[in-house]
Amino acid sequence: METVAIDEINASESLKDLDAIRVKYIGKKGKLTDISKVMRHLSNEERPQLGQAMNQFKDNFNTALEAHKEKLEEQALAEKLASEKIDVTLPGKQPLRGSRHIITQIMEEIEDLFIGMGYQVIEGPEVETDSYNFEKMNLPKNHPARDMQDTFYIDEETLLRTHTSPVQARTMEEHDFEKDGPLKMISPGKVFRRDTDDATHSHQFHQIEGLVVDKNITLADLKGTLLQFVQALFGEDREIRLRPSYFPFTEPSVEVDVSCFKCGGEGCNVCKQTGWIEILGSGVVHPDVLEMSGIDSTQYSGFAFGLGQERVAMLKYNIDDIRHFYQNDLRFLSQFRGGDN
Ligand code: FA5
């Protein structure tokens, strides 16, 4: 029986078959159990001989079984490894990488520029009071110039700020010239106007406010600062032009134009044949604005400016429609990866 059993073991091709052979021979109802049943009919001399033979069989059977089981397991593992082989030379799946939005990039570029000139970056609230947004900017209630900025009101005294200029008043009120020295700050952020959306207007957009207050600050300081800013952002060969304008919070007020980046001033379709493109509003801070924020206008003077970030980005990258910035179309956004490549 032993030879037959061991042949069966060695011929079996799976762990399942092997287990069936084990049950058949040494299982509870197996052949060995059958043989042991004859034990009681044997003589006292024969019984130990049979017992010994059965133990011998069991030992040899188990040894053969274990050895074959190990072989089958090794085979199964080898087959599994072969079928699951990974080809590491296959190109991997490229994960989609995001980058900062173009408006954020422009904002950070402008912030870096002004930080380099010694300015602080200060943020203000987007939900603002009528007092900071208008009154402290020299626009009392019912002043006709309020119509220049159509407004989202929350209640009579609360609104979504229409420009970043209220941060001027907030900063001036807190500023202590004795302790802090000259005031030099920029303030980037979201602003809101009840404007109809078109290619150059959005009801929500971004501005950067700039404010410098100290003794003897003049329009010449404004011009020098903005020339440096424009040349750093648009190129060394850019020039600026100041045009008279009106803002209730600056006197005099000026619109600032930059020489056209496409034609260099000769006139083309981008600058509408004028050679110049408008980029921001600015001026010398109105003495009443200084006084309303607790600054003595007989001793101190200042300049301020406010530029639209979308407009700057449109000019810098020749983008024809402001709505591209907000539509989250990756075909547009992925063209401006900046330092995020
Ligand atoms: C102002 O908002 C003034 N607070 C700027 C200022 C600050 C003047 C300090 C003097 C001193 P204005 O309404 O012109 O000004 O807006 C400034 C810039 O915001 C514009 O030049 C333009 O670039 C941008 N802008 C205005 N309205 C929109 C709009 N609806 N969508 C996109 N950009 C706009």
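Both backbone and side-chain heavy atoms feed into the values below; hydrogens, waters and symmetry mates do not. Indexing begins at 1, ligand by ligand and atom by atom, following the structure's order.
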Heavy atom of the protein closest to [atom] (residue, atom name, distance):
atom	answer
atom 20 (C) of ligand 1	R311 NH1, 4.0 Å
atom 14 (O) of ligand 1	F247 CE2, 3.9 Å
atom 30 (N) of ligand 1	D195 OD2, 2.7 Å
atom 33 (N) of ligand 1	F205 CD1, 3.3 Å
atom 2 (O) of ligand 1	R193 NH2, 2.8 Å
atom 3 (C) of ligand 1	F249 CZ, 3.8 Å
atom 31 (N) of ligand 1	S202 N, 3.0 Å
atom 16 (O) of ligand 1	Q207 NE2, 3.3 Å

Look at the aromatic rings of [X] and [Y] and report parallel, tilted or perpendicular, splitting at 30° and 60°.
X	Y	result
F57	Y25	tilted
F305	F229	parallel
H324	F332	parallel

Indicate yes or no: does an N/O atom of [X] lie under 3.5 Å from an N/O atom of ligand 1?
X	result
E209	no
S165	yes
S282	no

Per-atom contacts of ligand 1 with [X], taking only distances under 4.0 Å to non-hydrogen atoms:
X	answer
Q149	2 (O)
F305	7 (C), 9 (C), 11 (C)
G308	18 (C), 19 (O), 23 (O), 24 (C)
A304	9 (C), 11 (C)
G281	6 (C), 8 (C), 10 (C)
Q168	9 (C)
I322	32 (C)
H201	29 (C), 30 (N), 31 (N)

Original post:
Any side-chain heavy-atom pair from V191 and F205 closer than 4.5 angstrom?
Top reply: yes
Spell out, as yes or no, whether a donor-acceptor pair under 3.5 Å connects the side chain of [X] to the backbone of [Y].
X	Y	answer
Q335	R331	yes
E46	S43	yes
S187	I122	yes
Q168	L211	no
D221	T218	yes

**OP:** Take L290 and V213 through the side chain to side chain contact (heavy atoms under 4.5 Å, CB included) test and state the conclusion after the steps.
**Re:** CA-CA 9 Å; L290 293 177; V213 184; 4.1 Å; yes
Subject >> Full working for salt bridge (charged side-chain N to carboxylate O under 4.0 Å, His left out) between R243 and D257 >> reply: CA-CA 8 Å; R243 262 184 308 113; D257 298 341; 2.8 Å; yes
Original post:
Measuring from the heavy atoms of T200, does anything fall under 4.0 Å of ligand 1?
Top reply: yes
Original post:
Under a heavy-atom criterion of less than 4.0 Å, does M148 contact ligand 1?
Top reply: no
**OP:** Tell me, please, whether Y132 has R170 positioned over its six-membered ring: NZ or CZ under 6.0 Å from the ring centre and within 45 degrees of its axis?
**Re:** yes
**OP:** List the steps and the verdict of salt bridge (charged side-chain N to carboxylate O under 4.0 Å, His left out) for K16 and D19.
**Re:** CA-CA 5 Å; K16 204 172 150 210; D19 199 50; over 6 Å; no
